[in-house]
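Here is the structure we will look at, set down as structure tokens.
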Amino acid sequence: MRRLSFRVRAACLATAGGAALVGTIAIGQQPDGLFTRAQVAAGRDAYGEQCAACHQPDLAGATDAPALTGASFNGVWGKRAIAALYSKIHASMPYGRGASLDDATYDAIVAYILYANGARAGGTPLDRRSPTLLGAVASGTPPADAFTAPTQDATAATGAPAGSVASQEAQIGGAKEAAPANGPGGAAAPATSAGFAAPGQTVKYADPGRFVLPSKPGLTLKGAIADYRPVTDAMLRDPPPGDWLMFRRNYQGWSYSPLAQITTGNVAQLQLKWMWSMPENGTMEDTPIVHDGIMYMWGVGNVIQALDARDGELLWENRLGPFPTSAGPGPSSVETRAMGLYGTNLYVNTPEGWVYALDARSGAEMWKTHITDEKPGVGRSTGGLIIIKGKVIVGMTNCGRKGTPDHCYISAYDAATGKRDWTFTTVALTGQPGGESWGGMPDNDRKGSETWIAGTYDPELDTTYWGTAQGKPWRRDERGSATGATDYANSTLALDPATGKLKWWFNHAPGETFDLDEVFERVLVDHGERKSLYTIGKAGILWQLDRATGKFVGATETVFQNVFTRIDPVTGRPSYREDVVKQQSDQWLSSCPGPQGGHNWQAMSYHQPSDALVIPLSQSCVLMLGNGSQVYYEMPATGGNLGRLSAYRARDRTPLWSVQQRAPFLTSVVSTAGNLAFVGDFDRVFRAVDVRTGETLWKTRLGTTVQGFPVSFAVDGHQYVAVTTALGGGSPQLKPGTMLTEVHRPITGYAVYVFGLPERP
């Protein structure tokens, strides 16, 4: 059969009923070592290179990455087999590239995690098929040297690459020992030369130890763009038809172009006009920014480029860095979803927490500011930015670790100088409105509520609207807030852009516990006197609020969901299933949708002529065990179709049409006045559909996954459509990737493609 009705991938080894493997060694027995000291030393290096960016150097976890030691980890894994842990790590790690390392390196990483949980090393290499229960060999208490560097590098004796298990001896605390011999659980990696695969061997990613980005930071090509027209406040309020000046084009977040040269009647004639290859080995979810025929692009490693939008000629380039340290998509270089233009500057917020102002004409740096004053390990910014009345407003991520005084906030900076103007903390603290919703937790333990997506703005109400992610840790039983609402997490926040003061908030998922955050786009639409705000999060519920007051107007389920039993028709407050409210960490719970989300960062489009919201949706579910394992399966009654594109009439959220396909959609939707909607997918297809019916009128297949935020613009009277291809992309790529084993995508091919109609003779 082409597919299974219940797919188990990238998760624990489990029976069809979801039971963990039964171990053969009773709790309390302590075998004399199930791995060697050499494996632990090599595993320490490999963990530091491949895993520590998400799970932290001390294995304590942060944000969405669970702890790999301590009570939380042992509560989930203590009654499960070493084979199950190996299977989970091998299938889904490192982030974004599961099964990409050699088996011996996976053995070493698992050995190191076991050692960091108190398991003893011995003289036998790890058996990755071992049914031994973790609780039988690991106390959960790390030894004194678990998180300190060994006295001698594991590879010093042989000169093997860092992180490799091919070295012949290693040290832990000064004790030398031979590396594992070939055999079960101890086979050495196949030899390669200069990173090339041996015959018959498939290498999914380049050896990270040999990966080098051949570039240098700084302004590598200075531009001299003449007759540049400064971007004004008036232009941001009413963008020129041919421009795309900001994330999703207008302040209202419509992702709609008023251009109508490309129509349902001629879209079949679209052809590639030019393409430009982008930096690789990271995550890219880019929005091309276009002004007066100049396209600005963000690339992996914070490589900022200006291109002639007519033909793709490079005009200037500034490599801000830092550059990726390992090959393939992953946490070493995450995305910036959008830049912005104002005056003669291009504004960039980088994943590392810097906000830059670059001269849009030359690429030269004008100023830079760090959103957290460079506090180590705190504060990243991936969602893009919005510029309102001379203020550059950005959100924050990577601020979810308990026990520290840092919290997420939204902050504003003077566009001329970079000086910070205000901050708004996105968790309600003691004594603040909503502060009691955290159940009496200490303020330093109130974490999360990150802002992954840039906000929108209503100039008439002079209000900016932002969505927030869930509280951290995202499971209630791990977070410690009981059934508390955890304001302002999972909320829409209405802020005064001049001061950052809170006008109102609406919590869409009080006390969320399944990683189903409500952080995504806020779309502003007027129907006569009614001023509505629309948003949709991972639960797949389309929310409509009065954006002047924050009052709940209505909600519509777009995909099957079993998390909420009802939504109060007056207040909009959802109620959870009883087993969700009474959850325990060592308990399987079903969540439809799963953490991929019924909707994720791939934003909807508002097609103004037809009053239609065109929304990319996803259809997958999960069985979740504690804060660790997840078993994914196809959403019921979908026929294995993980992707769905649906349209709803905005006025009353009435369904208009819906189409399904096997591969999920991995771009936002851009609609145009030509009654078209453009969208790309996991399986490399970029298509145009009739916005009135959903019928596909044109499609093409590109180099790798079509991912990001497509745009439409005009130069010299010609309309174009631009879209990017890339990898990474978080849950929308990772979760379906465990089920779509029949889909094969190149790991290279990051690029921007520009399409247009044939030239007239």
Side-chain angles (χ1 to χ4, degrees), residues 12-14 20-48 50-51 55 59 67-71 73-93 101-147 150 154 163-189 628-629:
C12 60
L13 290 179
L21 286 174
V22 177
T24 60
I25 298 177
I27 300 293
Q29 292 181 346
Q30 289 287 334
D32 187 20
L34 293 176
F35 47 84
T36 68
R37 290 181 176 274
Q39 285 182 307
V40 175
R44 186 200 311 269
D45 288 342
Y47 175 88
Q50 304 291 347
C51 314
H55 294 275
L59 283 72
L68 299 178
T69 188
F73 177 79
N74 282 275
V76 172
W77 288 97
K79 299 178 182 178
R80 308 182 68 217
I82 289 174
L85 179 64
Y86 181 91
S87 176
K88 169 67 175 177
I89 291 173
H90 184 279
S92 58
M93 297 294 149
L101 308 178
D102 60 81
D103 288 342
T105 300
Y106 280 114
D107 290 344
I109 290 173
V110 172
Y112 174 62
I113 292 172
L114 291 172
Y115 182 78
N117 279 278
R120 294 200 300 261
T124 305
L126 180 79
D127 178 3
R128 65 181 72 107
R129 305 173 186 85
S130 173
T132 300
L133 301 180
L134 271 72
V137 297
S139 65
T141 302
D145 65 345
F147 311 124
S164 170
V165 298
S167 59
Q168 296 303 304
E169 61 178 31
Q171 285 191 329
I172 300 178
K176 292 186 178 182
E177 183 175 318
N182 291 350
S629 254

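All figures in this text were calculated on a predicted structure; none of them were measured in a lab. Position 1 is the first residue of the sequence, and the numbers go up from there. The figures that follow rest on heavy atoms only: side chains count, while hydrogens, waters and symmetry mates do not.
Minimum interatomic distance between A84 and W77 (heavy atoms only, all atoms of both residues): C-CZ3, 3.8 Å. Between F73 and I113, the shortest heavy-atom distance links the atoms CZ-CG2, 4.1 Å. Listed here is the closest heavy atom pair of Y115 and A146: CE2-CA, 4.4 Å. Counting all heavy atoms, side chain and backbone alike, A81 lies closest to P131 at CB-O, 3.7 Å. The minimum heavy-atom distance linking A46 with T105 is given by the pair CB-CG2, 3.8 Å. Closest of all the heavy-atom pairs between G140 and N74 is CA-ND2, 3.3 Å.
Between the Q39 side chain and the L126 main chain, a donor and an acceptor come within less than 3.5 Å of each other. Put simply, the side chain of R128 never gets that close to the backbone of Y106: no donor and acceptor are under 3.5 Å apart.
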> Where do V110 and F35 land on the side chain to side chain contact (heavy atoms under 4.5 Å, CB included) test, with the steps shown first?
Replying inline: CA-CA 9 Å; V110 172; F35 47 84; over 6 Å; no
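Under 3.5 Å, the side chains of D107 and Y112 contain no donor-acceptor pair of N or O atoms.
The side chain to side chain contact (heavy atoms under 4.5 Å, CB included) test with L34 singles out one residue from T132, L114, T124, D127, and that residue is T132.
To the nearest 0.5 Å, the span separating OG on S130 from CG on L85 amounts to 11.0 Å. To the nearest 0.5 angstrom, I109 atom CD1 is 10.5 Å from M93 atom CE. Expressed to the nearest 0.5 Å, how far CD of Q50 lies from NE2 of H55 amounts to 11.5 Å. Atoms CG and SG, on L59 and C51 in that order, are 8.5 Å from each other to the nearest 0.5 Å.
In this structure the side chain of D103 reaches within 4.5 angstrom of the side chain of Y86, judged on heavy atoms.
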